[in-house]
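The next block holds one structure in the form of structure tokens; read it before the comments.
Each chain gets a letter, A, B and so on, in the order its sequence line appears, and its residues count up from 1. Computation of the quantities below employed the complete heavy-atom set of this structure, encompassing side-chain atoms and omitting hydrogens, waters and symmetry-equivalent molecules.
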2 protein chains.
Amino acid sequence: MKIIFTFQPKEEFVSDLTNSFPGVEFLFYKKINQAESELPDAEVIVTMGEDLTSDHIERSKKCKWIMVTSAGLEKMPFEAIKRRGILVTNARGIHKIPMAEFTIGLMLQHAKQLQSVWEQEKDAVWSRRLPTTELHEASLLILGAGAIGGEIARLANAFQMNVSGVNSTGSPGENFDSMFTLETFRGQLPKADYIVSVLPSTSQTKGILDIDHFEQMKDSAVFINIGRGDLVEESVLLEVMEKKLIQHMYLDVFDQEPLAEHHPFWKTEGITVTPHLSSITKKYMPRALEIFKKNLSTYSNKRDNFINVIDAERGY
Amino acid sequence: MKIIFTFQPKEEFVSDLTNSFPGVEFLFYKKINQAESELPDAEVIVTMGEDLTSDHIERSKKCKWIMVTSAGLEKMPFEAIKRRGILVTNARGIHKIPMAEFTIGLMLQHAKQLQSVWEQEKDAVWSRRLPTTELHEASLLILGAGAIGGEIARLANAFQMNVSGVNSTGSPGENFDSMFTLETFRGQLPKADYIVSVLPSTSQTKGILDIDHFEQMKDSAVFINIGRGDLVEESVLLEVMEKKLIQHMYLDVFDQEPLAEHHPFWKTEGITVTPHLSSITKKYMPRALEIFKKNLSTYSNKRDNFINVIDAERGY
């Protein structure tokens with residue numbers, strides 16, 4: 001059995017895989033175009049999820065399973081995959097820990113004004129006159145109360161924050177004090193100190209936040225987007241900060257990534273840009289490959305209890 | 001009854017106090033030397049805790065109660081207080097929330113390399129190649145497992161860290177996986193990813209950390225001191241970073257505060273200086289005065305169920 005990787009994992013992962021599955025021929029390529037001659041023979045394709053086209057699927061005549069080592073599936077050629085009946089699994093679930101830690105980290109560094117502290121420190125300035133606050137008893141509104149949003153809520157609860165969420169049905173969630181839908185959450189905006197979005201990009205979420213939403217937020221509100229950049233038009237975000245409708249926004253996701261060097265976000269006061277960092281951690285690849293190895297055992301043993309199976313019809 | 005404040009609270013607190021206790025004459029001074037003529041008449045003195053001398057105590061002939069709106073009591077003239085049998089209460093307990101949030105904030109910003117992220121951001125650099133880690137399953141050793149250390153442990157538990165502590169008896173503590181004493185904690189040093197000290201300054205803790213302790217820590221260890229600066233000699237800390245024995249230290253407390261502008265700590269690689277910020281929060285004074293008000297009701301009603309009574313013999 002031939003398995004093609006369209007990215008090059010570190011040597012430790014390569015040897016772990018080849019040792020764990022001696023009967024398998026693993027082929028590692030840095031990019032999918034280097035793998036093209038082998039595609040017709042590959043039974044399994046392992047990809048980070050942004051390189052496969054319907055043309056690749058057509059040519060992968062023997063392919064039965066695609067493992068995506070990320071959670072983002074927007075660019076997957078599901079029509080072609082569906083036609084061929086190829087199994088798709090992904091690394092869903094491994095993002096919640098790093099993303100929740102990143103989110104709490106941003107909220108705490110905001111509350112403790114650490115950006116200002118580091119500025120002072122560079123100039124050897126000892127000044128304790130900083131408007132530091134607490135997460136304790138502050139209000140958090142989480143747009144997207146799934147696995148990641150739920151993990152953020154769990155940690156926020158430990159900090160004794162008031163946590164409300166938004167999901168597709170409005171049905172209660174563990175660690176959420178209240179739950180709303182995209183149709184009903186507006187009334188929460190004037191109460192929230194922190195508004196965090198982990199929403200994926202779907203037809204229901206694209207451009208859903210408008211200037212009206214930000215007008216309803218507190219002057220002191222902090223907006224954090226670690227979901228998808230198309231949740232809100234870039235021009236809206238710039239208008240929000242121009243009018244100083246809220247205190248600060250931390251943006252980790254953008255329409256176009258990497259964010260262009262001359263994009264106004266970099267220099268706009270009140271906007272902090274992070275380079276889609278929220279899920280990055282040294283533990284990412286070990287966790288993703290752990291899922292892959294479990295599924296590869298299942299596949300090798302011709303069982304069917306795969307983890308994280310994607311419905312090609314729905315796309316998630 | 002006359003109550004002297006040796007600091008000037010904000011107007012909102014002044015009016016709250018005068019409205020809540022109409023029978024009391026409150027006198028507010030910016031410094032104790034401005035209050036000296038009134039000291040002989042004062043029944044109660046409210047101080048931040050660093051200004052009272054035994055001479056002040058001698059002159060405060062009517063003083064029955066001193067309220068200290070902080071937790072640090074190192075500079076209190078307890079001998080004189082004891083002789084006069086004056087009640088002392090403090091603001092113990094209000095520090096744990098901001099100090100625990102500050103500590104977790106420092107650990108998260110370290111794990112997520114936010115200082116580097118902000119540096120990149122200033123230059124509009126989109127780079128995801130940062131050695132970011134997680135608190136999840138990392139090891140934390142807390143020197144000083146009292147109220148503040150316990151609150152840090154509680155939050156660290158939410159992050160699923162492995163938490164060990166040091167207290168005076170080694171007896172188990174809630175949210176601690178294991179507990180040691182100052183005599184037995186050495187064996188934990190090679191395991192800890194984060195070592196946090198919240199120890200007060202006492203004859204048992206002064207200069208207790210030596211170069212040997214740091215030599216036993218991981219190269220990647222992070223040391224955070226939010227307790228007292230005299231826990232470890234400054235020359236030891238500089239030697240630690242010169243030899244790169246650990247990865248980073250965050251120092252919030254120092255022998256001499258403010259830290260002098262030309263102190264080597266400011267510019268030493270691997271040392272981050274913060275200006276004794278850990279307990280600072282907008283909620284500090286409201287919480288301290290809440291304790292004072294409760295105790296003032298008790299005092300006015302000639303009851304004796306005071307909160308946070310200090311034993312003048314022990315000094316805490």
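- Residue contact with chain A, scored on non-hydrogen atoms closer than 4.5 Å, involves the side chain of Q160(B) exclusively.
- A pairwise comparison of heavy atoms in P9(A) and F28(A) identifies CD-CD2, 3.4 Å as the closest pair.
- Residues H110(A) and Y250(A) bring a donor and an acceptor atom of their side chains to less than 3.5 Å of each other.
- Each of E137(B), Q115(B), M107(B) has some count of heavy-atom pairs under 4.5 Å with chain A, and the biggest count is that of Q115(B).
- Only the side chain of Q109(B) has a heavy atom closer than 4.5 Å to any heavy atom of chain A.
- With a 4.5 angstrom heavy-atom cutoff, H263(A) does not touch chain B via any of its atoms.
- Both the backbone and the side chain of L135(A) come within contact range of chain B, each with at least one heavy atom under 4.5 Å from a heavy atom of that chain.
- Ranked by heavy-atom pairs under 4.5 Å with chain B, the first of F102(A), W118(A), W126(A) is W126(A).
- Salt-bridge check for E119(B) with K122(A): passed, with a basic side-chain N closer than 4.0 Å to an acidic carboxylate O.
- Contacts of S127(A) with chain B are made by backbone atoms alone, with heavy-atom separations under 4.5 Å and no side-chain atom involved.
- In terms of heavy-atom pairs under 4.5 Å with chain B, the best-connected choice from Q113(A), E261(A), H136(A) is H136(A).
- With rounding to the nearest 0.5 angstrom, the CG atom of N175(A) is 4.5 Å from the CG atom of N157(A).
- Using a 4.5 Å cut-off between heavy atoms, H276(B) contacts chain A through both its backbone and its side chain.
- A side-chain N or O of E134(B) and one of T281(A) form a donor-acceptor pair less than 3.5 Å apart.
- Using a 4.0 Å cut-off between charged nitrogen and carboxylate oxygen, D193(B) and K218(B) count as a salt-bridge pair.
- Ranked by heavy-atom pairs under 4.5 Å with chain A, the list I97(B), D123(B), T133(B) is led by I97(B).
- Counting heavy-atom pairs under 4.5 Å between each of K282(B), R128(B), K112(B), Q120(B) and chain A puts R128(B) at the top.
- Counting heavy-atom pairs under 4.5 Å between each of P258(A), G105(A), A260(A) and chain B puts P258(A) at the top.
- Contacts of V273(A) with chain B are made by both backbone and side-chain atoms, with heavy-atom separations under 4.5 Å.
- Under 4.0 Å is where a charged nitrogen must lie from a carboxylate oxygen, and between E290(A) and R287(A) no such pair does.
- For NZ of K267(B), the number of neighbouring non-hydrogen atoms (other residues, nucleotides, ligands) closer than 6.0 Å is greater than 12.
- Using a 4.5 Å cut-off between heavy atoms, L155(A) contacts chain B through its side chain alone, with no backbone atom that close.
- The ring of F292(A) has its center no closer than 6.0 angstrom to the ring center of F13(A).
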